[in-house]
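Below: the structure, in structure tokens.
All chains are named by letter (A, B, ...) in the order of the sequence lines, taking the proteins before the strands, and each is independently numbered beginning at 1.
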Protein chains: 2
Amino acid sequence: MSATTDQQAALRIASGRKPFVEPLRLGERLKEIRLANQWTLEDVSQRTGLARSTLSKIENDQISPTFTAVQKLINGLGIDLPQLLTPPRVQPRTMGRRDLTRQGEGQRHPTPTYEHELLSCELAQKRMIPFKTIVRARSFDEFSEWVRHDGEEFLMVLEGEVRLYTEFYEPLQLSRGDSIYFDSDMGHALVSLGDDDAVVLSVCTPGDSA
Amino acid sequence: MSATTDQQAALRIASGRKPFVEPLRLGERLKEIRLANQWTLEDVSQRTGLARSTLSKIENDQISPTFTAVQKLINGLGIDLPQLLTPPRVQPRTMGRRDLTRQGEGQRHPTPTYEHELLSCELAQKRMIPFKTIVRARSFDEFSEWVRHDGEEFLMVLEGEVRLYTEFYEPLQLSRGDSIYFDSDMGHALVSLGDDDAVVLSVCTPGDSA
DNA sequence: AAACTCTGTTTCCTATAGTGAACCCATTCA
DNA sequence: TGAATGGGTTCACTATAGGAAACAGAGTTT
């Protein structure tokens, strides 16, 4: 299946979704934001370049702003469009979950080349997966194939020195404190350079599946 | 400027999210969706109640649609507004982006209580925001208010010893190598316990904006 | 209390968004 | 081949959004 077709399929599916869009009290919302910041209509006028009168009419739902006007609003107020549309956000989330992992207390997953220690594994449903890795491998040959997984990865060297092989770049030498961010569906592999095993901290995003 | 605002600003910069919405080829986007679904202008006209001519002009950026028109669009096409604005991830993955940051070479953002060093800030549009922080604060009193931002945060102590205050839990003492994962819209604040400033590595998810 | 100042609203006027009809250009059909 | 259909664009007109200025109301100052 071609990329184009894939994308078209995605679009079709996407547009098939039926979101009930209610009133969208945009004027009301704007007023909320304005008052929350203690801005006067004049202030907002200065920031956005829209006339005081126009703003008043928008707030009172007397006119339906043009899209360019909306852009001036989000630019001038420094807010995101979703922010302007999203009603006050009733539940500010604040779940306040927390998951502590003491040094060395993570969940260990040994492999021939790496020894992973999963951190914060009490917590389900998280948007990042942190783990510490002891790099055992000393040569690229020890990997039968590229390590590869959906998403993005951040990596920092905690101890020792490593060489990072990646599919599309020259190998890179990383010392303690160096860090790198990359798309982890690009093949990658780490080897330790010093006598002792190197230790790196990685944080991955979970696979997309979206 | 409060600590909260500081960090939020830093996060905005770091996430590579364009602070302001520029061209916003809305017309182009609409056409994409229409063609992907193999709809004619007439079809879309039926669905949305907008005139065929109007749709044509919108697609060719000859007019800036009124907000009510945009609503008719998203209702009629059954799509979300963000969908209409966000070009669909055109990358079929495997972009193979990469961003190296050598020890101490990040982008510094000092505040009274913390000194942030943003890592991997070359890369825009990423799903994690890594930064190293030197914790200057020695007492909880130095914070005017909770640090708080949408999303989740992972944190590991690299050097020194810190106490983590959180809104819903008792303060927690963290030593080198300890790590914690938490919902960062729960208020939080770090203070250094030793004589020297402590150093921690943090990775945040970008704010929701959904 | 009058004059001033700062707010938000309302009044006009013009610029432009939205509409139906006419138009153009392909493709299909007789 | 010419007629007919169905796609998108352009035109001429009407409806409406945006702006400048006038207005109105609530404090302040004199």
Side-chain angles (χ1 to χ4, degrees), chain A residues 4-5 7-8 11-12 15 21-81 83-85 87-88, chain B residues 20-85 87:
Chain A
T4 304
T5 316
Q7 185 177 333
Q8 287 178 344
L11 284 170
R12 254 196 311 282
S15 49
V21 182
E22 67 261 51
L24 261 192
R25 317 296 304 173
L26 178 137
E28 192 182 323
R29 188 80 192 89
L30 171 58
K31 189 162 194 172
E32 271 179 32
I33 295 179
R34 182 171 67 82
L35 295 181
N37 290 72
Q38 301 194 305
W39 287 329
T40 71
L41 286 182
E42 182 58 31
D43 292 334
V44 177
S45 172
Q46 300 274 353
R47 285 166 176 269
T48 60
L50 290 164
R52 216 163 72 233
S53 54
T54 306
L55 294 168
S56 167
K57 290 180 216 166
I58 294 177
E59 284 192 353
N60 298 324
D61 287 316
Q62 291 174 14
I63 62 174
S64 163
T66 234
F67 205 79
T68 55
V70 175
Q71 284 193 66
K72 287 183 187 172
L73 273 176
I74 60 185
N75 282 340
L77 303 185
I79 57 176
D80 258 342
L81 210 162
Q83 214 177 327
L84 186 60
L85 302 182
Chain B
F20 302 133
V21 193
E22 74 276 23
L24 254 211
R25 315 297 301 172
L26 179 136
E28 193 181 323
R29 188 79 190 89
L30 171 58
K31 189 162 194 172
E32 270 179 34
I33 294 178
R34 183 171 66 81
L35 294 181
N37 289 73
Q38 302 193 306
W39 288 330
T40 71
L41 286 182
E42 182 57 31
D43 292 334
V44 177
S45 172
Q46 300 275 351
R47 285 167 176 268
T48 59
L50 291 164
R52 216 163 74 231
S53 55
T54 306
L55 294 168
S56 168
K57 290 183 214 166
I58 293 177
E59 284 193 354
N60 297 319
D61 287 318
Q62 291 173 15
I63 61 174
S64 163
T66 236
F67 205 78
T68 54
V70 175
Q71 285 191 66
K72 286 181 187 172
L73 273 178
I74 59 185
N75 281 339
L77 303 186
I79 58 175
D80 258 342
L81 210 162
Q83 240 176 301
L84 187 58
L85 302 182

Checklist entry - To the nearest Å, how far apart are L41(A) CG and dA21(D) C1'? => result 16 Å
Item to check | Point-to-point distance, once rounded to the nearest 0.5 Å, from OG1 of T66(B) to CZ of F67(A) | outcome: 11.0 Å
Checklist entry - To the nearest 0.5 Å, what is the distance between CG (L30(A)) and CD1 (I74(A))? => result 12.0 Å
Checklist entry - Where does the chain A footprint on DNA chain C start and end, counting 5' to 3' with a 4.0 Å heavy-atom cut-off? => result dT7(C) to dA17(C)
Checklist entry - Are the side chain of D43(B) and the backbone of T40(B) linked by a donor-acceptor contact shorter than 3.5 Å? => result yes
Checklist entry - I58(A) CD1 to dA17(D) C1': how many Å, rounded? => result 9 Å
Checklist entry - Of all residues at least two apart in sequence or in a different chain, which pass the side chain to side chain contact (heavy atoms under 4.5 Å, CB included) check with R34(A)? => result K31(A), W39(A), L41(A), V44(A), E59(A)
Checklist entry - CD of E59(B) versus C1' of dT9(D): gap in Å, rounded? => result 11 Å
Checklist entry - When rounded to the nearest 0.5 angstrom, what distance separates CD in Q46(B) from CZ in R52(B)? => result 10.0 Å
Checklist entry - Between N60(A) (CG) and dG18(D) (P), how many Å, whole number? => result 14 Å
Item to check | Separation of atom NZ in K72(B) from atom C1' in dT16(D), rounded to whole Å | outcome: 12 Å
Checklist entry - For L73(A) and dA17(D), what is the distance between atoms CG and C1' respectively, to the nearest whole Å? => result 13 Å
Next on the checklist: Using only atom types and a distance under 3.5 Å, with no angle test, would you say the side chain of T48(A) pairs donor to acceptor with the backbone of L50(A)?
Outcome noted: yes
Checklist entry - Do the non-hydrogen side-chain atoms of L73(A) and L55(A) ever get within less than 4.5 Å of each other? => result yes
Checklist entry - Of all of residues 45-57 of chain A, which get a heavy atom below 4.0 angstrom from DNA chain D, listed by number? => result G49(A), L50(A), A51(A), R52(A), S53(A), T54(A), K57(A)
Checklist entry - Can you tell me how far the OG1 atom of T54(B) sits from the NZ atom of K72(B), to the nearest 0.5 Å? => result 9.0 Å
Checklist outcome for this item: Closest to the 5' end of DNA chain D, once Q62(B) and T66(B) are matched to their nearest nucleotides, is Q62(B)
